[in-house]
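Notes to accompany the following structure.
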2 protein chains.
Amino acid sequence: MPIIAPRSRRERPAKPSLSRDGIIETAVALMREEGLERVTMRRLAAALDTGPSSLYVYVRNTAELHAAVLDELLGSVGLKAGVTSEGWDNVVVRVLGSYTGILIEHPALARSALVTRPSGPNYLALVERLLSLLREGGVADPQSAWGVDLLLLFATSIALEHGTRGLTLDDGEDEEALAEALRQADATGYPTIAALGDDLLSGTPEARFEWHVRVLLAGIALTARPAREAGNAGPGLP
Amino acid sequence: MPIIAPRSRRERPAKPSLSRDGIIETAVALMREEGLERVTMRRLAAALDTGPSSLYVYVRNTAELHAAVLDELLGSVGLKAGVTSEGWDNVVVRVLGSYTGILIEHPALARSALVTRPSGPNYLALVERLLSLLREGGVADPQSAWGVDLLLLFATSIALEHGTRGLTLDDGEDEEALAEALRQADATGYPTIAALGDDLLSGTPEARFEWHVRVLLAGIALTARPAREAGNAGPGLP
DNA sequence: ACCTGAACACCGTTCAAGT
DNA sequence: ACCTGAACACCGTTCAAGT
């Protein structure tokens with residue numbers, strides 16, 4: 001029996017010792033190969049040639065792991081998209097579109113972004129870019145401060161909404177069910193739905209996205225913040 | 001050995017035979033008792049005194065089950081909230097607030113509403129109510145048609161966002177991480193964030209919610225739909 | 001037709017024990 | 001300190017077999 005270590009038939013060089021960065025790097029690679037839904041603690045551990053429990057030394061739980069992966073991905077949001085040639089509002093549409101596009105490919109990350117507030121450097125860079133664009137557009141600071149949240153909430157939700165559709169088995173079946181239900185809605189029970197008819201579902205997703213963003217920008221620019229009331233200071237959940 | 005059937009010591013009367021309605025009814029009851037996250041196929045089957053596979057005769061999968069539960073819950077959205085005394089926009093704020101409030105208690109349903117388009121009768125009634133309020137407010141029909149989606153997307157997202165927070169183990173820890181990150185953001189790297197400072201996180205959730213809805217209403221009322229282009233007809237995903 | 005037991009192929013997280 | 005094997009307590013879905 002040779003004394004050579006019994007596990008040297010892997011191609012991986014020497015089995016690198018674990019580290020938080022290494023774990024996240026591997027998670028990102030695994031995600032690009034197989035999608036985030038396959039980046040489970042168990043699978044990630046297998047990719048790192050160890051057991052799942054080992055990961056818990058470096059990562060608190062799955063949510064934290066996903067948050068780290070998210071910020072990594074956000075590095076590729078196109079923040080520079082056409083700075084001056086077009087109007088500031090068109091740039092906002094593009095920047096948010098880039099953000100949404102990335103998340104659409106990874107709906108589980110969109111969910112993560114919605115559920116645990118991201119705070120990584122790349123997310124902050126996105127917030128900074130949007131705030132500076134709003135300023136450029138002459139939006140008052142208090143409205144920008146509360147509005148940027150709304151813009152990002154919208155973009156994230158759209159990604160979660162569209163990203164998950166079609167990923168499910170029954171491709172767009174619920175879409176059709178809604179279309180059918182809207183058409184069936186007769187004038188007695190649902191008069192306004194009946195009156196608007198097909199226009200409720202008209203337009204390409206891109207056209208709707210763009211119009212939605214313009215709605216948000218117009219509303220943010222024009223809606224004054226409420227007068228300060230007592231206890232209007234901290235975050236605090238309901 | 002007596003021939004008496006060996007399972008008559010349950011209190012449940014005679015074991016009712018399964019039906020889709022009965023299954024959903026039990027699912028709703030189970031959800032009210034233990035929360036939706038515990039309404040799994042296996043647990044629901046156990047509550048119905050059968051095996052999980054039996055449910056698949058009546059319900060295609062978990063997503064369909066959740067959709068049915070969602071519409072059931074939506075029956076209690078307060079659609080009548082203060083019809084005329086206050087302005088139509090305040091009524092929109094209340095109706096959406098009622099919808100969001102219900103979903104906040106069941107974040108998994110909010111996720112379901114975001115991911116598979118609801119089309120049940122109670123959801124349609126909510127759409128109808130919002131459309132009629134927008135009309136009452138003098139909003140042009142094409143803008144209402146595309147705007148109602150945005151209102152519901154927003155309300156659903158807020159519910160998912162707030163509902164899941166605090167449900168996680170580390171209560172509001174990410175919130176704090178974001179606050180810290182924003183404060184740390186120095187003027188060189190993130191000048192606009194630094195300039196706006198604490199106002200980025202100011203306000204109660206209720207105040208922000210109300211302002212957000214007003215932003216949406218103002219934007220919807222004032223933003224014209226894009227000129228019709230080629231291929232602007234059907235839904236169709238990106 | 002309706003129902004079921006049992007299996008398949010997984011999960012996240014913990015914890016006592018090892019090095 | 002870092003790492004691990006093994007276990008705990010679960011999942012959704014399928015399918016051959018029964019009634």
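So you know, we letter chains A, B, ... as the sequences are listed, proteins then strands, and number each from 1.
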Tyr58(A), nearest nucleotide to its side chain (from dG12(C), dC2(D), dG12(D)): dC2(D)
Proximity to the side chain of Tyr56(A) - top-ranked nucleotide from dT14(C), dT13(D), dC10(C): dT14(C)
Whether over 12 other heavy atoms sit under 6.0 Å from Glu25(A) CD: no
Arg38(B) CZ - dG12(D) P separation (whole Å): 12 Å
d(CG, Leu48(B); C1', dT4(C)) in whole Å: 14 Å
Whole angstrom value for the distance that separates C1' of dC3(C) from CD1 of Ile23(B): 11 Å
Carboxylate-amine/guanidinium contact Glu72(A) Arg32(A), below 4.0 Å: no
Sub-6.0 Å ring centroid separation between Phe209(A) and Phe154(A): yes
Closest to the Leu18(B) side chain, choosing from dC3(D), dG12(C), dT4(C): dT4(C)
Reference residue Asp71(A); test side chain to side chain contact (heavy atoms under 4.5 Å, CB included); the match among Pro121(A), Ser119(A), Pro118(A): Pro121(A)
Ser54(A) vs dT4(D): side-chain N/O to OP1/OP2 distance below 4.0 Å: yes
Ser53(A) side-chain N/O to dT14(C) phosphate OP1/OP2 under 4.0 Å: no
Atom-pair distance (CG on Leu55(A); P on dT4(D)), nearest Å: 10 Å
Value in whole Å for how far the P atom of dC10(D) lies from CD of Glu34(B): 11 Å
Separation of the P atoms in dC8(D) and dA9(C), to the nearest angstrom: 23 Å
Nucleotide dG12(D), atom C1' - distance to CG of Leu65(B) in whole Å: 12 Å
Integer angstrom distance from the C1' of dC15(D) to that of dC3(C): 13 Å
Interatomic distance where CG belongs to Asn61(A) and C1' belongs to dC11(C) [whole Å]: 14 Å
Check against side-chain contact (heavy atoms from CB on, under 4.5 Å), Leu30(A) and Arg38(A): CA-CA 8 Å; Leu30(A) 190 58; Arg38(A) 303 212 89 90; 5.7 Å; no
dA1(D) - base-pair partner by Watson-Crick or wobble geometry, distances under 3.5 Å: dT19(C)
Short side-chain N/O contact from Thr50(A) to OP1 or OP2 of dC3(D), under 4.0 Å: no
N/O (side chain, Arg60(B)) to phosphate O (OP1/OP2, dT13(D)) under 4.0 Å: no
Name of the residue among Leu130(B), Leu131(B), Val148(B) meeting side chain to side chain contact (heavy atoms under 4.5 Å, CB included) with Thr192(A): Leu131(B)
Nearest-neighbour nucleotide for the Pro52(B) side chain, dC11(D), dG12(C), dT13(D) considered: dT13(D)
Interatomic distance where CG belongs to Leu44(A) and P belongs to dC10(C) [whole Å]: 16 Å
5' precedence on DNA chain D between Val57(A) and Arg42(A) (nearest-nucleotide basis): Val57(A)
Base partner of dG12(D), which must satisfy Watson-Crick or wobble distances under 3.5 Å: dC8(C)
Met41(A) side chain, from C-beta outward: closest of dT14(D), dT13(C), dC11(C): dT13(C)
